[in-house]
Amino acid sequence: MIRVVLPAHLRTLAKLEGEITLEVPAPVTQRSLIDFLESRFPVLRGTIRDHVSQKRRPFLRYYACEEDLSHQSPDAPLPQAVVSGQEPFLIIGSVAGG
């Protein structure tokens, strides 16, 4: 069971509250997790990744186990702590300002 935390604007769009739990088939990667998330919540398609290129949207970051996973390969396996549900996979909206 994988725990996913979305930023507030995506939770509002998908009409969700709090953390999401997903049963993603192995092997669990960023790509397979986001594919599964978008299939379960179609309204999120194109909000996390570009429709065409499938690249992460520039103002979103992926974190897990206190590490920024945003620039890792989307096909790299996620940490075991995420796969086992001990740690959540966080999709965070970037904060910018001056």
Does Thr21 form a side-chain contact (heavy atoms from CB on, under 4.5 Å) with Ile2? I'd like the steps, not just the answer.
CA-CA 5 Å; Thr21 55; Ile2 297 175; over 6 Å; no
Is there a path from Ile91 to Phe59 through hydrophobic residues (I, L, V, M, F, W, Y) whose side chains come within less than 4.5 Å of each other?
no
Start with the C-alpha distance between Val5 and Tyr63, add both sets of side-chain angles, then the distance that settles side-chain contact (heavy atoms from CB on, under 4.5 Å), and finish with yes or no.
CA-CA 10 Å; Val5 177; Tyr63 287 89; over 6 Å; no
Using the rule given for side-chain contact (heavy atoms from CB on, under 4.5 Å), can you reason through Phe89 versus Gln30, listing the C-alpha separation, both sets of side-chain angles and the distance that settles it, and then say yes or no?
CA-CA 9 Å; Phe89 182 82; Gln30 288 178 24; 4.3 Å; yes
Side-chain donor-acceptor contacts of residues 72-81 below 3.5 Å, not counting sequence neighbours, with atom names and distances?
residue : atom : partner : partner atom : Å
Ser73   : OG   : Asp75   : N            : 3.1
Asp75   : OD1  : Arg31   : NE           : 2.7
Asp75   : OD2  : Arg31   : NH2          : 3.1

Look only at the side chain of Ser32 and the backbone of Pro27, and say whether a donor-acceptor pair between them is shorter than 3.5 Å.
yes
Between Arg3 and Glu87 (salt bridge meaning N to carboxylate O under 4.0 Å), is one present in this structure?
no
So which heavy atom on Asp68 is nearest to which on Tyr62, and how close?
OD1-O, 3.3 Å
Indicate yes or no: at least one non-hydrogen side-chain atom of Lys55 is less than 4.5 angstrom from one of Arg49.
no
Can you name the nearest heavy-atom pair linking Leu10 to Leu44, along with the distance?
O-CD2, 3.8 Å
With a 4.0 Å cut-off, would you call Arg40 and Asp35 a salt bridge?
no
Quick one: CG on Leu90 to CG on Leu6, what's the gap to the nearest 0.5 Å?
10.0 Å
First locate atom OG1 of Thr29, then atom CG of Leu69, and finally report the distance between them rounded to the nearest 0.5 Å.
11.5 Å
Compare every heavy atom of Val82 with every heavy atom of Pro88, then report the nearest pair and how far apart it is.
O-CG2, 4.2 Å
Hey, could you give me the CD/CZ distance between Glu23 and Phe36, rounded to the nearest 0.5 Å?
7.5 Å
Quick one: CE on Met1 to CD on Gln86, what's the gap to the nearest 0.5 Å?
14.5 Å
Arg56 side-chain N/O to Leu60 backbone N/O, donor-acceptor pair under 3.5 Å:
yes
Minimal heavy-atom distance between Val24 and Val28, with the atoms involved, is O-CG2, 3.8 Å
Under 4.5 Å between any side-chain heavy atoms of Arg57 and Ile48, yes or no?
no
